[in-house]
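One structure below.
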Amino acid sequence: MSQVRVRFAPSPTGFFHIGSARTALFNWLYARHTQGVFILRIEDTDKERNSDEFLRVIYDSLKWLGLDWDEGPGVGGGAGPYRQSERSSIYQEYLAQLRKTGRTYEKDGATYFRISGESQIIEDAIRGRVERTEEKDFVIVRSDGNPVFHLVNVVDDIAMRVTHVIRGEDHLSNTSKHTELFRAFGAPLPVFAHIPLILKQNGPGKMSKRDQGALIEEYQRRGFLPEALVNFLCLLGWSPKNDAEKMPLPEIVKLFDLPGVNQSNARFDEKKLAHMNMAYLHAMPVDHYVPLATSYLKRTGAFSGGDPDSAYLREVLALCQVKVRSLEELPPAIQYFFREDFATDVKAKEKIFGKGDPKARVRELLATLAQADFSSDATLEAWLHGVASRHGAQTADYIHPGRLAVSGVSAGPSFYGIFRVLGRERVQRRLERFLSLD
RNA sequence: GUCCCCAUCGUCUAGCCCGGUCAGGACACUACCCUUUCACGGUAAGAACCGGGGUUCGAAUCCCCGUGGGGACGCCA
């Protein structure tokens, strides 16, 4: 059994979107599963619509997702070059072969391929037997001399010895053109595997680059975890059949196979992605999470007033890790740790002032704050219990006003955790300020 | 319009190939528990086999026809 060779062949004519990423992922998974070769090939035959910026987006997105290629731009390989714009001489050789066998003709300056008109049958690894007959001759070289997609795609698959063509179902109808060409070249057919499409989450049709949430770079910018996105994406059109969902990548590689891919299209669900992202965020070791969160905060300008003390920042981030569902929630969730002029939430204030005498409770906290042991949540809890029992009150009578006083909000980490991380001086200043609130 | 693909909870899916289980899990939604906050977590509830024929003792599962959804019909890829 010869080695599996698959390729991902994006065209740098648009942004890199969810559907492309999933196609790349399925190819990559299959290559890794079979210990085969994952080739990156750039289909840049349409000179009008290409741009280097789009090319860079493809490289960046693939790298960010962790989809490393074994052959392709930047890494080389024996079947290069891997940009179609650099492969003209190869196309000319193959074209000469077609001309020699009488399979081409010129019309209006373009080169047409003469089809056989025979029924084209493929055994799709996902859909089974699919039969279609190509009806018309089609253009393989434009009148400007540039070869078109159908030709170069097939030539490259032959020249690069691609064994499995894993691509979106939108190519299924094109396949009869491609098999006509494979046969005209006398080349064996690769195994085709047409994967289901990703449908936009609202409204009809497949997801396109203009749809909300379609662009990979957007998830990157917003601080999504690539491992979560990869895990989510692999579940769109495939499942491990054992009810597992959050799986480490090696496990996915082990279980992934073509016959397990579904035949029906899948609708994109951002809520499930968000849930997956949260699961990964919460499961992340603190030592991994802190630098990640820090770079996200720096990138989004959260520290415009200067970088905070790194040990303090670490404490804050560790305290809030399980309180946020995504990195995007981080800036508002931690802002009060880094500024004294934080706002007091009106609703929270109304709620707390509507019951009991919060200022009196805060005065009682201040009275013994100097004796409080800030070294751990447990010692602070012991201190608070002491305060409460001395005044015949509940700890909750202090916790809620206390949290509001030091954070301005009624939700967040534990009272003890906030106090511990803020430290005695900050807490004292904020409690005192609270007493002068209108 | 022609051709191709598909069809299980609102969504992602298991089950289908090899007919017989209260049709299972997850997201979302709801309730409760936990937490004297908010999340997380836990428990529970509701929620689906597109319709019609056939084959069969028996059909989500096999076959046919509808219907619905998706895709392709470019000198785009």
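These values consider heavy atoms only, across backbone and side chains, with no hydrogens, waters or symmetry-generated copies. Everything quoted here is computed from the prediction, not taken from an experiment.
In terms of the salt bridge (charged side-chain N to carboxylate O under 4.0 Å, His left out) criterion, residue partners of A:R429 (sequence neighbours excluded) are, by chain and number, A:E340. A:F419 meets the ring-ring contact (aromatic ring centres under 6.0 Å, His included) test with A:F415; sequence neighbours excluded. Take A:R83 and apply the salt bridge (charged side-chain N to carboxylate O under 4.0 Å, His left out) test, not counting sequence neighbours, and it matches A:D44.
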What string of B, S and - do you get for nucleotides 5-19 of chain B, 5' to 3', if B is base contact, S is sugar-phosphate-only contact and - is no contact with any protein heavy atom under 4.0 Å?
BSS---SBSSS----

The contact string for nucleotides 31-48 of chain B, one letter per nucleotide 5' to 3', using protein heavy atoms under 4.0 Å with B, S and - for base, sugar-phosphate only and none, comes out as -----BBBBSS-------

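Both distances falling under 3.5 Å, in either a Watson-Crick or a G-U wobble arrangement, place B:C73 opposite B:G1. The partner of B:C29 is absent, by the rule that a Watson-Crick or G-U pair needs both atom distances under 3.5 Å. Under the Watson-Crick or G-U wobble criterion, with both distances below 3.5 Å, B:C34 is left unpaired in every strand shown. When both distances must be under 3.5 Å, the Watson-Crick or G-U wobble mate of B:A7 is B:U67.
Using a 4.5 Å heavy-atom threshold, the side chains of A:L435 and A:V362 count as touching.
The C1' atoms of B:C17 and B:A59 are separated by 15 Å, rounded to the nearest whole Å. Nucleotides B:G71 and B:C9 are separated by 26 Å at their C1' atoms, to the nearest Å. B:G20 sits 36 Å from B:A31 when the C1' atoms are compared, rounded to a whole Å. Rounded to the nearest Å, the gap between the C1' atom of B:A7 and that of B:A48 is 12 Å. Straight-line distance between the P atoms of B:C33 and B:G70: roughly 44 Å, to the nearest whole Å. On the P atoms, B:A14 is 14 Å away from B:C50, given to the nearest whole Å. The separation of B:C29 from B:U67, taken at their C1' atoms, amounts to 30 Å, rounded to a whole angstrom. Comparing the same atom, P, in B:C27 and in B:G42 gives a spacing of 9 Å after rounding to whole Å.
Side-chain N or O atoms of A:T23 include one that pairs as donor or acceptor with a backbone N or O of A:G19 at under 3.5 Å.
For the pair A:L181 CG and B:A77 P, the computed distance is 14 Å after rounding to whole Å. Distance, A:L273 CG to B:A28 P: 12 Å, rounded to whole Å. The nearest whole Å value for the distance from the CG atom in A:L55 to the P atom in B:A77 is 16 Å. The interatomic distance linking A:D124 (CG) with B:G71 (P) rounds to 18 Å, in whole Å. Here B:A77 presents its P atom at 15 Å from CZ of A:R83, a figure rounded to the nearest Å. Counting to the nearest Å, the P atom of B:A77 and the CZ atom of A:R41 are 13 Å from each other. Rounded to an integer number of Å, the gap from CD1 of A:I115 to P of B:C3 is 16 Å. One interatomic measurement links the two molecules: CD1 of A:I195 to P of B:C4, which rounds to 22 Å at whole-angstrom precision.
Using a 4.0 Å heavy-atom distance criterion, A:H171 is classed as a base contact. Residue contacts for A:G109: at a heavy-atom cut-off of 4.0 Å it reaches no nucleic acid atom on any strand shown. If you check every strand for non-hydrogen atoms under 4.0 Å, A:N174 touches a base.
Residue side chain A:S143 reaches the base of B:C75 through a donor-acceptor N/O pair under 3.5 Å, judged by distance alone.
We find that A:R103 and A:D137 are not joined by a salt bridge, their nearest charged nitrogen and carboxylate oxygen being 4.0 Å or further apart.
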Would you list the atom pairs, donor with acceptor, under 3.5 Å between side chains in residues 327-334 of chain A and any protein atom, with sequence neighbours excluded?
from: A:E328; atom 1: OE1; to: A:R222; atom 2: NE; distance (Å): 3.3
from: A:E328; atom 1: OE1; to: A:R222; atom 2: NH2; distance (Å): 3.1
from: A:E328; atom 1: OE2; to: A:R222; atom 2: NE; distance (Å): 2.9
from: A:E329; atom 1: OE1; to: A:R325; atom 2: N; distance (Å): 2.8

Donor-acceptor pairs are to be reported for all side-chain atoms of residues 266-274 of chain A against protein atoms at under 3.5 Å, with residues two or more places apart or in another chain.
from: A:R267; atom 1: NH1; to: A:K200; atom 2: O; distance (Å): 2.8
from: A:R267; atom 1: NH1; to: A:G203; atom 2: O; distance (Å): 3.2
from: A:D269; atom 1: OD1; to: A:K271; atom 2: N; distance (Å): 3.1
from: A:K272; atom 1: NZ; to: A:E245; atom 2: OE1; distance (Å): 3.4
from: A:K272; atom 1: NZ; to: A:E245; atom 2: OE2; distance (Å): 3.3

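A salt bridge (Lys or Arg N to Asp or Glu O under 4.0 Å) check over residues 357-369 of chain A, counting only residues at least two apart or in different chains, returns the pairs A:R361-A:E364. Pairs of residues two or more places apart, or lying in two chains, never qualify as ring pair (Phe, Tyr, Trp, His ring centres under 6.0 Å) while including a residue from residues 381-405 of chain A.
Between the side chains of A:S61 and A:E217, not a single donor N or O lies within less than 3.5 Å of an accepting N or O.
Mapping A:Q84 and A:K177 onto RNA chain B by nearest heavy atom places A:K177 at the nucleotide closer to the 5' end.
Checking B:A77, B:A28, B:C3 against every side-chain atom of A:V148, the shortest atom distance belongs to B:A77.
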